[in-house]
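Everything on this sheet refers to the single structure shown next.
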Amino acid sequence: MVHYAAAQQSQGIQTLLEAEKEAAKIVQQARQYRVQKLKDARSEASKEIEEYKKSKEQEFKSFESSHAGTTSNAQTTVDKETDVKLQGITDSYNLNKDAVVKKLLDRVVLVSPELHRNLTKVEA
C-alpha cells in the first residue's frame, strides 16, 4: 500500500507539472496574442491617420485651387488701381511743375527789404 500511495503521489505531481506547463503555454500564447493585437491596432491606427491626412491635404489643395483665382484677380485689380493713381500723380506733377518752380524762384529772387515790425525807430 505504501508503494501505491507513492505512485499515486508521483502521478499527482506529474499531473501538476503537466498542468503547469500547459498553463505556461497558455499564458505565452495569450502574451503573443496581446502583442499581435497591439501591433495590429497600431498598424490600423497608422493607416487611418494616413488616410485622414491624405483627405485633409486633398481638401486643402482643393480649397487653395478654388481661391487661387480670386487672389490673382485681386492682385490684378490692385495693380490697375495703382497704375491709375500713379498716372494721376504724374499728370498733376507735369501740369503744375512750371507754376511751382516760378513761385519758388519769385520768392527766392525777388526780395523786398523792409525793417522788421518789432524794430523801433531810434531818434538821434
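For Asn94, the side chain to side chain donor-acceptor pair (under 3.5 Å) criterion is met by no residue, not counting sequence neighbours. In this view, Gln11 satisfies the side chain to side chain donor-acceptor pair (under 3.5 Å) rule with no residue, not counting sequence neighbours. The side chain to side chain donor-acceptor pair (under 3.5 Å) check on Gln87 picks up Asp91, with sequence neighbours excluded. Considering only residues two or more places apart in sequence or on other chains, Asp106 meets the salt bridge (charged side-chain N to carboxylate O under 4.0 Å, His left out) condition with Lys102. In this structure Tyr52 satisfies the side-chain contact (heavy atoms from CB on, under 4.5 Å) test together with Ser55, Lys56, sequence neighbours excluded. Residues forming a ring pair (Phe, Tyr, Trp, His ring centres under 6.0 Å) with Tyr93 (at least two apart in sequence, or on another chain): none. For Thr82, the side-chain contact (heavy atoms from CB on, under 4.5 Å) partners two or more places apart in sequence, or in a different chain, are Val78, Leu86.
Note on residues 19-42: no pairs pass salt bridge (charged side-chain N to carboxylate O under 4.0 Å, His left out), not counting sequence neighbours.
In this structure, Val108 stands alone, with no Ile, Leu, Val, Met, Phe, Trp or Tyr side-chain heavy atom under 4.5 Å from its own, directly or through other members. Cluster note: Leu17 groups with Ile13 through ILVMFWY side-chain heavy atoms spaced under 4.5 Å, whether in direct contact or through intervening members. Other residues sharing the hydrophobic cluster of Ile26, ordered by chain and number and joined by side-chain separations under 4.5 Å: none, the residue standing alone.
Summarising the geometry, atom CG belonging to Leu16 is positioned 10.0 Å from atom CD belonging to Glu18; distances are rounded to the nearest 0.5 Å. Taken from CZ in Phe63 to CD in Glu59, the straight-line distance is 11.0 Å, to the nearest 0.5 Å. Note that the OG atom of Ser43 and the CD atom of Glu48 stand 10.0 Å from one another [nearest 0.5 Å].
Counting heavy atoms from C-beta on, the side chains of Gln58 and Lys54 never come closer than 4.5 Å. At a threshold of 4.5 Å between non-hydrogen side-chain atoms, the residues Ser65 and Lys61 do not count as touching.
Each of Thr77, Val84, Asp79 was evaluated against Glu81; a single residue qualifies, Thr77, per the side chain to side chain contact (heavy atoms under 4.5 Å, CB included) test.
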